[in-house]
Amino acid sequence: MSRIGKRPVELPGGVSATVSGQTVEVKGPRGTRSFTATDDVTLTLEDNSLSVVPRGKSKRARQQWGMSRTQVANLVTGVTTGFKREMEITGVGYRAAVQGKVLKLSLGYSHDVDFPIPEGVTVATPKPTEIVVEGIDQQVVGQVAANIREWRKPEPYKGKGIRYKDEFIFRKEGKKK
């Protein structure tokens with residue numbers, strides 16, 4: 001039995017949901033999101049809460065049960081509070097700035113890196129060494145943050161690079177004489 005799938009997803013005030021077949025559409029103060037579940041689960045809306053029930057006892061149905069419930073919960077979280085990924089830049093001369101729809105990164109290369117900001121995501125730089133990626137889709141926010149981090153991953157000797165705020169970099173000792 002899925003412990004995650006058993007719990008219904010509560011809809012807070014200001015959020016409405018509609019279920020049509022295998023598709024659930026959630027509208028909230030930050031926007032509208034939808035998710036289409038597989039045929040292994042059944043989505044039902046009752047008393048301001050969404051519940052997911054498996055259609056059989058197969059392994060795939062049980063896998064889809066918990067996953068579908070989590071996807072629906074992420075829809076509700078996205079349209080109410082949104083998702084945020086905070087990043088730090090460490091290194092001498094490394095900095096970031098937002099200019100229109102482009103994130104300009106100075107990362108020690110011979111040129112500045114221009115990262116175009118995709119639709120549905122907002123990127124802010126409260127300080128030149130901090131980047132905040134926000135949006136209503138958790139997958140898109142995480143992918144944009146990973147693409148930014150890919151330009152200069154943190155290295156283990158000095159810790160220079162772009163890292164997530166909650167990330168721990170295992171530091172290595174340099175060579176000895």
Side-chain angles (χ1 to χ4, degrees), residues 2-5 7 9 12 14-15 17 23-38 63-64 66-177:
S2 172
R3 284 182 277 196
I4 294 171
R7 295 194 323 239
V9 179
V15 176
T23 303
V24 61
E25 186 174 309
V26 180
K27 292 180 184 168
R30 288 180 149 242
T32 303
R33 295 275 330 276
S34 65
F35 168 70
T36 303
T38 61
Q63 289 170 344
Q64 295 296 318
M67 191 272 303
S68 298
R69 190 262 178 210
T70 303
Q71 292 281 11
V72 171
N74 284 342
L75 294 184
V76 174
T77 304
V79 298
T80 53
T81 59
F83 294 99
K84 179 194 271 189
R85 205 73 161 109
E86 296 178 343
M87 307 167 85
E88 293 176 337
I89 302 175
T90 308
V92 177
Y94 288 15
R95 61 188 169 278
V98 175
Q99 292 179 350
K101 296 290 279 171
V102 175
L103 175 67
K104 294 213 174 266
L105 299 166
S106 298
L107 299 172
Y109 295 118
S110 61
H111 60 288
D112 284 354
V113 175
D114 290 344
F115 183 82
I117 301 169
E119 290 294 319
V121 174
T122 58
V123 176
T125 52
K127 294 182 190 170
T129 58
E130 286 183 11
I131 302 171
V132 178
V133 182
E134 291 182 285
I136 63 171
D137 189 349
Q138 185 180 30
Q139 193 274 327
V140 173
V141 168
Q143 187 63 52
V144 169
N147 291 346
I148 293 170
R149 182 181 182 271
E150 193 70 28
W151 280 101
R152 186 69 92 179
K153 288 184 181 176
E155 53 99 11
Y157 294 100
K158 291 185 178 178
K160 294 176 12 174
I162 303 173
R163 65 184 177 101
Y164 300 120
K165 202 145 207 151
D166 56 355
E167 183 179 14
F168 175 76
I169 305 300
F170 182 76
R171 301 293 292 272
K172 293 182 179 177
E173 189 176 340
K175 63 181 181 181
K176 300 180 192 102
K177 285 191 173 185

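These numbers come from a predicted model, not from an experiment.
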Measuring only between side-chain heavy atoms, which start at C-beta, is [X] closer than 4.5 Å to [Y]?
| X | Y | value |
| --- | --- | --- |
| Glu88 | Glu167 | no |
| Lys84 | Val132 | yes |
| Val140 | Phe83 | no |
| Lys104 | Val113 | no |
| Ile169 | Thr90 | no |

side-chain contact (heavy atoms from CB on, under 4.5 Å) partner of Thr38, chosen from Gln64, Met67, Gln63 |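 Output: one option passes, namely Gln64.
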
Kindly give the heavy-atom pair with the smallest separation between [X] and [Y], and that separation in Å.
| X | Y | value |
| --- | --- | --- |
| Gly91 | Lys160 | CA-CG, 4.0 Å |
| Gly159 | Pro154 | O-CB, 4.5 Å |
| Leu103 | Ala96 | CD1-CB, 4.2 Å |

Reported [atom1]-to-[atom2] distance for the pair [X] and [Y], which is rounded to 0.5 angstrom:
| X | Y | atom1 | atom2 | answer |
| --- | --- | --- | --- | --- |
| Lys165 | Met87 | NZ | CE | 11.0 Å |
| Glu130 | Arg95 | CD | CZ | 16.0 Å |
| Ile89 | Ile162 | CD1 | CD1 | 5.0 Å |
| Ile131 | Arg149 | CD1 | CZ | 12.0 Å |

Could you label the plane-to-plane angle of the Phe168 and Phe170 rings as parallel, tilted or perpendicular, counting under 30° as parallel and over 60° as perpendicular?
->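 The rings of Phe168 and Phe170 stand perpendicular, inter-plane angle above 60°.
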
Listing, residues 26-35 side-chain donor-acceptor contacts under 3.5 Å, not counting sequence neighbours, or none:
from, atom 1, to, atom 2, distance (Å)
Arg30, NE, Thr81, O, 3.4
Arg33, NH1, Ile136, O, 3.3

Can you tell me if NZ on Lys172 sees more than 12 non-hydrogen neighbours from other groups inside 6.0 Å?
->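 Check fails, neighbour count at 12 or below.
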
Is the backbone N or O of Leu107 less than 3.5 Å from a side-chain atom of Arg152, with the two atoms forming a donor-acceptor pair by type?
->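 Here the side-chain-to-backbone pair exists.
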
Return the set of residues passing salt bridge (Lys or Arg N to Asp or Glu O under 4.0 Å) with Arg69 (not counting sequence neighbours), or none when no residue passes.
->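 By the salt bridge (Lys or Arg N to Asp or Glu O under 4.0 Å) rule, Arg69 matches no residue at all.
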
Could you check Val9 against Leu75 for side chain to side chain contact (heavy atoms under 4.5 Å, CB included), going step by step and ending with a plain yes or no?
-> CA-CA 10 Å; Val9 179; Leu75 294 184; over 6 Å; no

In a table with atom names and distances, give each donor-acceptor pair under 3.5 Å that connects a side chain of residues 115-127 to protein atoms at least two apart or in another chain.
from, atom 1, to, atom 2, distance (Å)
Thr122, OG1, Glu134, O, 3.4

